[in-house]
Each structure stands twice: as structure tokens, then as C-alpha cells.
Amino acid sequence: METADQPQNPSDNLNDVVSGVSSPETDSSSPQETNQNHSSAPPQEAPISDSQDDSSEPIAEDTPNEPPQNPRNPTGLPPKRRRRRKKFFTELIGTPSMAKSRRTDLNKEVDTEALIALSVGFPVDSLTEEEIEANVVPVIGGVEQANYIVVRNHILSRWRSNVSFWLTREMALESIRLEHKALVDKAYNFLVEHGYINFGLAPAIRDAKLRSFDGFERGNVVIVGAGLAGLVAARQLVFLGFKVVVLEGRSRPGGRVKTKKMRGEGLEAAADLGGSVLTGINGNPLGVLARQLELPLHKVRDLCPLYLPDGKSVNSEMDDRIEASFNKLLDRVCKLRHAMIEEVKSVDVPLGTALEAFRRVCSVAQNPQERMLLDWHLANLEYANATLMSNLSMAYWDQDDPYEMGGDHCFIPGGNETFVRALAEGLPIFYDRTVQSIRYGADGVLVYANGQEFRGDMVLCTVPLGVLKKGSIEFVPELPQRKKDAIQSLGFGLLNKVAILFPYNFWGGDLDTFGHLTEDPSMRGEFFLFYSYSSVSGGPLLVALVAGDAAIKFEQMSPLESVNRVLEILRGIFHPKGIAVPDPIQAVCTRWGKDDFAYGSYSYVAVGSSGDDYDILAESIGDGRVFFAGEATNKQYPATMHGALLSGMREAANILRVAKKRTIIPSQKFNNSSKEDEDLDNLFDTPDLTFGSFSVLFDPRSSNPESTSLFRVKLGGEKLDMGSFSLYGLILKKHAFKLRDVDGDGNRMTMLNFEFGVRLVGRKGLSGVAESLIACIRLAKSGMKH
């Protein structure tokens with residue numbers, strides 16, 4: 001019988017989560033693999049779908065902080081924790097010591113603020129490369145830099161204490177001595193422009209970001225891809241004074257973050273088929289968005305029992321022994337690679353090869369059960385990295401370990417689609433626009449999608465690494481060899497899922513995860529881990545994971561065959577306990593490898609590559625015309641949702657930096673002001689609503705009465721010798737209809753100003769949001785003509 005705790009209100013403390021509420025899927029728990037028990041199949045009428053394109057999409061699953069531990073102890077002792085294992089070799093990369101950074105004269109408050117800054121990713125006692133690039137202090141090192149760091153940490157901490165309000169420069173100055181005003185200005189501008197403060201979806205912040213923060217217009221940017229990176233970059237660029245248009249090949253936003261609503265027999269559940277877990281909420285920007293949207297964070301419970309192929313629980317003593325041996329193997333590999341890197345800088349071998357060599361030398365896992373247990377740990381590593389052990393770089397596979405965010409691993413009830421919908425709202429996104437070509441030069445960029453041409457000053461490409469590897473987009477001129485090499489070197493792996501909605505919860509409400517062992521080492525990743533979504537999805541939902549070599553073979557199976565295999569494993573576990581496994585109501589299988597807009601799940605460090613390749617992939621090209629974002633461009637947080645989000649913020653700041661360094665020559669369609677006015681007047685030749693001197697154009701993407709519309713008031717005419725002139729503004733669609741019902745333009749103007757608070761401006765005074773809406777309307781009308 002299903003048990004699910006009710007969500008609680010989230011606390012203002014960003015470390016608070018709703019505990020005792022579970023949710024499994026892509027994070028810490030890691031059970032074992034499944035075995036081969038072919039049992040009864042689901043009824044033919046159960047809707048089983050292949051989610052490729054329509055309902056699949058992973059973005060790197062994030063990895064938890066702790067090493068995996070052993071399954072539930074059948075002896076009655078407290079069950080041990082299990083976590084997805086990826087991070088391990090932390091001792092090789094020195095992380096800053098807080099003891100070194102603290103000066104004895106700093107008070108407790110300053111220390112606390114330093115810890116908050118550290119959780120967000122700032123070094124303790126030095127500047128980031130971004131800060132150095134921004135010239136936040138005239139001289140690196142010294143007293144002024146130390147003071148700047150204290151000021152920066154204070155501003156950051158103050159906003160993080162309440163992420164739902166807009167922190168003004170004046171507020172930042174309140175508790176800092178006036179003599180440091182210049183440092184406050186530098187720190188405040190840096191934090192705002194780089195998206196460390198005043199970002200997100202709280203109403204106060206959303207309203208403040210509707211127009212350029214400093215009143216400047218800085219050209220236009222074409223964004224390719226409406227995943228987390230593209231959406232966040234678009235919102236930030238509008239705020240920074242750019243006009244944006246987003247091109248998305250799919251018919252929905254989100255990219256590899258996809259929530260599937262599963263329904264049947266009066267039940268409904270939300271399954272995250274792609275990115276699903278918030279891995280560490282301390283400093284995590286997704287945690288900030290959750291607080292702003294007042295979404296409860298559900299901590300993923302770590303307990304995870306493992307079952308043998310015959311359904312029996314794994315012996316706890318053996319489990320402890322094999323886990324300890326597994327950790328020792330990793331220790332030995334760690335020492336080996338350390339010595340190799342010291343002596344021969346360029347040597348690299350597969351992580352799997354090194355582990356197997358030490359396994360043989362140390363005589364680990366000699367009998368069949370021990371080998372199955374060890375294979376489960378290896379499957380868990382393959383899950384964390386979305387690839388086979390034979391593909392992983394022994395030297396650098398966990399290079400992102402030092403940057404991992406702390407805190408609990410959590411899920412959002414109802415799925416991450418909540419974030420995606422909120423981030424996409426109001427943006428000029430054109431769906432079903434598959435980009436074929438990006439051309440760039442000194443005069444700007446041209447992006448071709450489905451036979452249409454989009455011209456801009458710059459382009460931000462946020463497509464997955466799999467798409468770049470496939471060569472789906474032609475770059476003219478070609479990408480520099482350095483970038484092509486990085487694309488080739490980095491790995492892009494595969495993780496698949498089977499989500500099944502059942503009539504009821506038969507596995508119990510006290511578990512979020514359980515695992516299953518298999519006898520075939522080559523299939524150790526086949527349904528090796530099950531996540532229970534009952535506590536967070538709204539219904540009795542199980543998700544089975546397929547990792548490693550099994551994930552590749554999985555895509556050759558039919559959905560029905562895959563679901564039958566999952567049911568066979570579940571019945572092998574629960575039938576011996578006297579628990580019946582019912583036929584499913586609905587099932588969905590992902591096919592990320594066959595997805596034309598992803599060609600895989602998330603990135604990993606392959607043999608012969610390193611973290612430097614992430615940085616190379618992030619580099620702009622074409623003298624600041626073409627920029628790149630996405631999880632595979634984030635060396636610190638690759639293969640994560642927050643890594644994708646942060647990369648979008650990073651590139652928005654980079655685009656601003658380039659725009660400030662040069663006077664951008666606007667693209668042709670923005671070059672001639674009279675032509676601009678004429679183009680806009682042409683759009684108003686066929687308005688959606690007209691009354692008196694008013695004409696209104698609705699947002700073609702939405703029928704929602706709360707959607708934003710563009711209106712024009714034409715003044716003058718016969719009464720002015722100079723002819724007529726026009727003023728423009730933005731208004732809600734429902735307010736436009738209300739305005740229409742008022743008698744006389746004078747009364748309408750009064751209502752406009754005093755009731756709706758709308759400001760009329762000339763053509764040049766329109767905000768970035770208005771320009772984006774104009775671009776959307778223009779494209780829609782152009783499509784109607786064709």
C-alpha cells in the first residue's frame with residue numbers, strides 16, 4: 001500500500017528540505033542490477049510507449065556526494081546507505097582549506113558569508129577568472145582584493161538569505177562603510193551581470209528583469225536550443241539589454257529535461273525521463289528557483305536493499321566485504337594514476353582496465369555471488385558516468401569532484417517540468433525549428449532553420465554534445481581544429497529508463513530505491529536500480545534504470561519486451577515474499593541514443609580527454625560571434641542540470657563582456673531606424689484588435705488572457721501639420737479587451753496610465769521583451785504568408 005508524506009512549506013533556510021519524503025531516480029541511492037527472470041507480460045492494452053523524441057530526454061544525471069554503501073541488512077541491523085558512486089579521488093586535487101583562508105580578526109558573520117560564497121563556487125581567498133577578467137580590483141592580491149572578497153561575499157550572502165526580493169545597490173551599501181563604495185559598485189555589478197544574485201523566477205525579480213538594467217540596447221542574439229542553458233541565457237540577455245530569439249527543434253522546451261505525465265484508471269503520476277535530481281542544494285541555483293516558486297524539496301532517502309537473481313536479499317556480511325574490497329581497488333587505482341601522472345604526463349588507460357587488473361592481483365570477488373556484487377558497484381559507476389568502464393579515463397574521469405555542491409539530494413514534486421515552464425514563459429521561442437547551419441563573420445551571424453533565415457549580431461549554441469559529434473549543424477567557416485578535437489575527445493554517454501505506472505504501490509512506502517543483481521557481467525546495468533516515485537510523482541510509479549552496455553542493447557529491444565523484462569525481475573523479487581505484482585497501467589521507455597536532438601544522455605571524460613576539453617568546448621569563436629553553452633561546456637559541473645543552467649548564465653555574461661568591448665554593428669534588419677518603423681507599421685496593417693486610435697497585436701504563441709500583447713496608439717493625423725506619429729507599449733491581452741470596451745480614446749488613455757500603469761514610448765524606447773515579441777509576431781505573420 002502506497003504511503004506518501006504530504007509536502008511541507010519550504011523554509012527560507014536553503015539547507016532545509018522536507019525529510020522523510022522520498023523520491024528516487026537520479027541521485028544518491030544505488031541498488032543493484034537486475035537479473036534474468038522472464039515472467040508474465042503486461043496486458044496488451046496497457047499503453048507502452050517508446051519515448052524517443054516524444055517523451056524522452058535526459059540531461060546528465062547528477063552524482064551524489066558520498067561513496068555508495070551496502071544494501072539493507074537482512075539481520076535487523078540498521079540498513080546501510082547507498083549513493084551513486086562517481087566522486088572518489090578527491091585527494092588528488094587540492095581544494096582550498098578554510099583554515100588557511102580565515103584571518104583571526106574576521107568575525108563569525110564574515111566566516112559564515114565566506115562559507116556561503118564557497119558553496120556557490122567562489123574560491124575562499126582568491127578571485128575567479130571571471131572576476132579577474134572583469135577588473136574588479138586594479139591589482140591582484142593585497143588589501144584591496146581582500147576587502148573586495150569580503151564585500152562580494154556579504155552582498156552574495158545578503159541576497160541568498162532571501163532570494164525572492166530584488167537586492168538594490170543601495171541595500172548592498174547599507175551595512176558597508178562608505179569608503180568601500182567603489183568596491184560595492186564593482187562587486188554588485190559583477191554579481192548581477194554574472195547571475196549570482198537577482199536571478200530566477202520570484203515575481204519581484206521577474207518584473208525587474210523585463211527591461212535592460214542599465215537602459216542600453218546591445219544588439220541581438222540568436223539562441224539555438226531551449227534547454228536549461230538556452231532558457232536561462234535568454235532571460236539574462238534580455239535583462240542585459242539584448243534582443244533575443246530562441247530556436248528549438250522540438251515542439252517543447254526543456255531539452256534533456258522532460259517530465260512525462262502518465263495517466264490511467266483514475267491515477268496520474270509525473271515521471272522525469274531525463275534530468276531529475278537536484279544534486280546538492282547548497283549553492284545550487286535550482287534550489288534557489290525551487291524556493292522562489294515555493295516548491296517543497298523532497299530529500300532522497302539513502303536506504304537501498306539489494307536482491308539476488310532468485311529474489312533473496314543479499315547477505316549483509318558479504319556485501320560489506322565486497323564494498324570494502326571495491327573501495328580498496330579504487331584506492332589502488334588512485335595511487336597508480338597519481339604516480340603515472342607524475343612520471344608520464346600523457347599516459348591514460350581505461351578505468352575499467354585498471355580496476356580489473358587490480359581485482360585479479362588482489363583476488364577480489366572470486367565466487368559467483370561476490371562477482372555479482374562487484375558488478376553491481378561497477379554498474380553504479382557506469383550509471384553515474386553514462387558509459388562503460390572501458391570508455392572512462394582513469395586519469396580524469398572524476399575531475400569535477402572538488403566542485404561538487406554540498407547538501408541533500410532532492411527531487412521536485414511533479415517533476416522538473418515546473419522549472420522549464422516557468423523559465424520559458426514570455427520568451428520568444430520558435431518551436432519545430434531545426435537548425436541546419438550557422439554562418440558567422442565580421443558583420444554578424446546567419447542561422448538557417450527549416451528554410452528560414454535568422455540574422456543576429458551573435459549566436460549562442462546550446463545543443464548537446466551528441467549533436468555536435470553528429471555534425472548535424474554546419475558551421476561556416478568550419479569550427480577551429482582545437483574545438484573539433486575537443487568535441488571528438490569528450491565522451492557522450494547513454495542512460496535509459498523504463499517508467500511504469502501501477503494500479504497500486506506493492507513495493508512499500510519505506511523505500512525510495514532498491515537494486516537487483518545479475519549473473520551476466522555484460523548485462524550488469526540492465527534494470528540494476530529501481531526508483532520509487534510514489535512520494536513525489538502523485539501516483540504509484542516505478543522507474544527502472546538501464547546503464548552501461550545494457551543501455552545500448554536496450555534501444556534494440558521493443559518497448560513491450562523491455563517492460564516484460566522489468567516485470568519478470570519485479571515478480572522474481574516480490575512473489576517469493578507473497579506479494580503480487582500487478583499488470584501495469586502505462587509504461588514508457590526512453591531511447592536517448594536515437595533522439596535526433598540529443599544522440600545520448602550526458603557527457604563524460606573519455607580515455608585521452610580531460611577537463612580541459614570542457615573549457616575548450618566553452619570557448620567562443622569568430623571573434624566573439626559564436627558562443628557555446630550546455631552541460632558539456634561546464635568543467636566544474638558537467639553532466640548535471642545545474643551545470644547546464646550555470647553555463648547559460650556564464651555565456652550571457654561573456655556576450656555582455658564582448659558587447660562592451662566593441663561597438664557592435666547591428667545586423668541589417670536593426671540598422672535603419674526608418675526601415676524599422678516601417679516594418680513595425682506593416683505588422684499593424686493586420687492587427688488582431690483595433691478600436692479608436694488603438695491597434696493591438698497578440699502573442700501568436702499563446703491564447704492565455706494573461707499573455708503579453710503589443711499595442712500602438714496613432715496620434716496626430718489631420719490635426720497635426722507634421723502628420724501622424726505612433727507610440728507603443730505592452731499590455732496584457734485581457735486588458736486590451738477591457739480597453740476596447742471603454743468609450744473614447746481619452747478615457748482609454750486614462751485607464752491605460754492610471755489603472756494599468758502602462759507607459760507609452762517611441763519605437764526606440766521599446767524594451768527587449770517588446771522587441772522579442774515583435775520578432776515572434778513578424779515570424780508568425782511571415783509563416784502565414786508562405
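Starting from 1, each residue takes its place in the sequence as its number.
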Name the atoms and distances for all side-chain donor-acceptor pairs under 3.5 Å in residues 196-204, with sequence neighbours left out.
unit_1	atom_1	unit_2	atom_2	d
Tyr196	OH	Glu130	OE1	3.1
Asn198	OD1	Trp159	NE1	3.4
Asn198	OD1	Leu167	N	2.9
Asn198	ND2	Leu167	O	3.0

Return a table of donor-acceptor pairs under 3.5 angstrom between the side chains of residues 460-468 and protein atoms on other chains or two or more places apart.
unit_1	atom_1	unit_2	atom_2	d
Thr462	OG1	Val224	O	2.7
Thr462	OG1	Gly225	O	3.4

Let me check something: any side-chain donor-acceptor pairs from residues 229-236 under 3.5 Å, sequence neighbours excluded? List them with distances.
unit_1	atom_1	unit_2	atom_2	d
Arg235	NH1	Leu423	O	2.7
Arg235	NH1	Glu425	O	3.1
Gln236	OE1	Lys209	NZ	2.6
Gln236	NE2	Val192	O	3.1
Gln236	NE2	Glu193	O	3.3

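Under a 3.5 Å cut-off, the side chain of Ser609 and the backbone N or O of Ala606 do form a donor-acceptor pair. Listed for the Tyr440 side chain is a donor-acceptor partner under 3.5 Å among the backbone atoms of Pro477. When atom types are taken as modelled, the side chain of Ser620 and the backbone of Phe627 share no donor-acceptor pair closer than 3.5 angstrom. A donor-acceptor pair is defined here as one N or O able to donate and one able to accept, closer than 3.5 Å; no such pair exists between the side chain of Asn385 and the backbone of Thr387. Side-chain atoms of Arg218 never come within 3.5 Å of backbone atoms of Lys660 as a donor-acceptor pair (strictly under, hydrogens ignored). With Asn162 contributing its side chain and Ser164 its backbone, the two residues share a donor-acceptor pair below 3.5 Å.
For Glu133, the side chain to side chain contact (heavy atoms under 4.5 Å, CB included) partners two or more places apart in sequence, or in a different chain, are Arg657, Lys661. The side chain to side chain contact (heavy atoms under 4.5 Å, CB included) search around Ala117 returns Phe122, Arg152, Asn153, Leu156, not counting sequence neighbours. The side chain to side chain contact (heavy atoms under 4.5 Å, CB included) check on Val184 picks up Val151, Ile155, Ala172, Leu173, Ile176, with sequence neighbours excluded. His194 is linked by a ring pair (Phe, Tyr, Trp, His ring centres under 6.0 Å) to Phe190, counting only residues two or more places apart in sequence or in another chain. Partners of Glu144 according to the salt bridge (Lys or Arg N to Asp or Glu O under 4.0 Å) rule, which considers only residues two or more places apart in sequence or in another chain, do not exist here. Judged as a side chain to side chain donor-acceptor pair (under 3.5 Å), and not counting sequence neighbours, the contacts of Glu619 are Arg482. Partners of Arg177 under the salt bridge (Lys or Arg N to Asp or Glu O under 4.0 Å) rule, at least two apart in sequence or in another chain, are Glu179. With sequence neighbours excluded, the residues that form a salt bridge (Lys or Arg N to Asp or Glu O under 4.0 Å) with Asp615 are Lys635. Residues satisfying the side chain to side chain donor-acceptor pair (under 3.5 Å) test with Lys469, not counting sequence neighbours, are none.
Remark: Lys483 fails to qualify as a cation-pi partner of Phe475 under the 6.0 Å distance and 45° angle criteria applied to the six-membered ring.
Contact between Leu286 and Phe419 at its shortest, heavy atoms only, is O-CZ, 3.6 Å. Closest approach of Ile205 to Val163, counting heavy atoms only: CD1-O, 3.2 Å. When all heavy atoms of Gln399 and Pro638 are compared, the closest pair comes out as NE2-CG, 4.1 Å. Closest of all the heavy-atom pairs between His409 and Thr279 is ND1-CA, 3.3 Å. The heavy-atom pair separating Val257 from Met641 by the smallest distance is CG2-SD, 3.9 Å. Closest of all the heavy-atom pairs between Val277 and Asn416 is N-ND2, 4.3 Å.
Residues Met458 and Ile655 have side chains in contact (heavy-atom distance under 4.5 Å, counting atoms from C-beta outward). Residues Pro123 and Thr128 have side chains in contact (heavy-atom distance under 4.5 Å, counting atoms from C-beta outward). At least one side-chain heavy atom of Arg650 sits less than 4.5 Å from a side-chain heavy atom of Asn654. Using a 4.5 Å heavy-atom threshold, the side chains of Met405 and Pro285 count as touching. Looking only at side-chain heavy atoms (C-beta outward), Val245 and Asn220 stay at 4.5 Å or farther from each other. Two residues are said to be in side-chain contact when any heavy atoms from C-beta on lie closer than 4.5 Å; Thr112 and Ser157 fail this criterion. A heavy-atom distance below 4.5 Å is not found between the side chains of Val221 and Asp457. Using a 4.5 Å heavy-atom threshold, the side chains of Leu479 and Ile621 count as touching.
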Begin from the C-alpha positions of Arg332 and Leu336 and carry the test side chain to side chain contact (heavy atoms under 4.5 Å, CB included) through to its verdict. CA-CA 6 Å; Arg332 288 175 179 269; Leu336 170 66; over 6 Å; no
Ser647 vs Glu631, test: side-chain hydrogen bond (donor to acceptor under 3.5 Å, both in side chains). Steps then yes/no. CA-CA 7 Å; Ser647 74; Glu631 57 86 12; over 6 Å; no
Salt bridge (Lys or Arg N to Asp or Glu O under 4.0 Å) evaluation trace for Lys186 with Glu131: CA-CA 10 Å; Lys186 282 287 189 180; Glu131 288 175 306; over 6 Å; no
Could you walk me through whether Gln488 and Asp485 satisfy the side-chain hydrogen bond (donor to acceptor under 3.5 Å, both in side chains) test, starting with their C-alpha distance in whole Å, then the side-chain angles of each, then the deciding distance to 0.1 Å, before giving a yes or no? CA-CA 5 Å; Gln488 179 66 30; Asp485 290 344; over 6 Å; no
Take Leu392 and Val607 through the side chain to side chain contact (heavy atoms under 4.5 Å, CB included) test and state the conclusion after the steps. CA-CA 5 Å; Leu392 284 174; Val607 177; 5.9 Å; no
Can Tyr614 and Val605 be said to form a side chain to side chain contact (heavy atoms under 4.5 Å, CB included), step by step? CA-CA 9 Å; Tyr614 287 110; Val605 183; 3.8 Å; yes
Does the side-chain hydrogen bond (donor to acceptor under 3.5 Å, both in side chains) test come out yes or no for Arg160 and Ser119, once each step is laid out? CA-CA 11 Å; Arg160 285 272 173 161; Ser119 75; 6.0 Å; no
For side chain to side chain contact (heavy atoms under 4.5 Å, CB included), just list the numbers for Tyr602 and Thr640, CA-CA rounded to whole Å, side-chain angles, deciding distance to a tenth of an Å, and then say yes or no. CA-CA 8 Å; Tyr602 43 96; Thr640 65; over 6 Å; no
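When each of Asp398, Asp348, Asp331 is checked for a salt bridge (Lys or Arg N to Asp or Glu O under 4.0 Å) with Arg337, only Asp398 meets the rule.
Between Glu113 and Arg158, no side-chain nitrogen of the basic residue sits less than 4.0 Å from a carboxylate oxygen of the acidic one, so the salt-bridge criterion is not met. Here Asp185 pairs with Lys181 in a salt bridge; the nearest charged N to carboxylate O distance falls below 4.0 Å.
Taking the six-membered ring where the residue is Trp, the centroids of His642 and Tyr637 are separated by under 6.0 Å.
Heavy-atom neighbours of Gln481 CD from other residues, nucleotides or ligands within 6.0 Å: above the threshold of 12.
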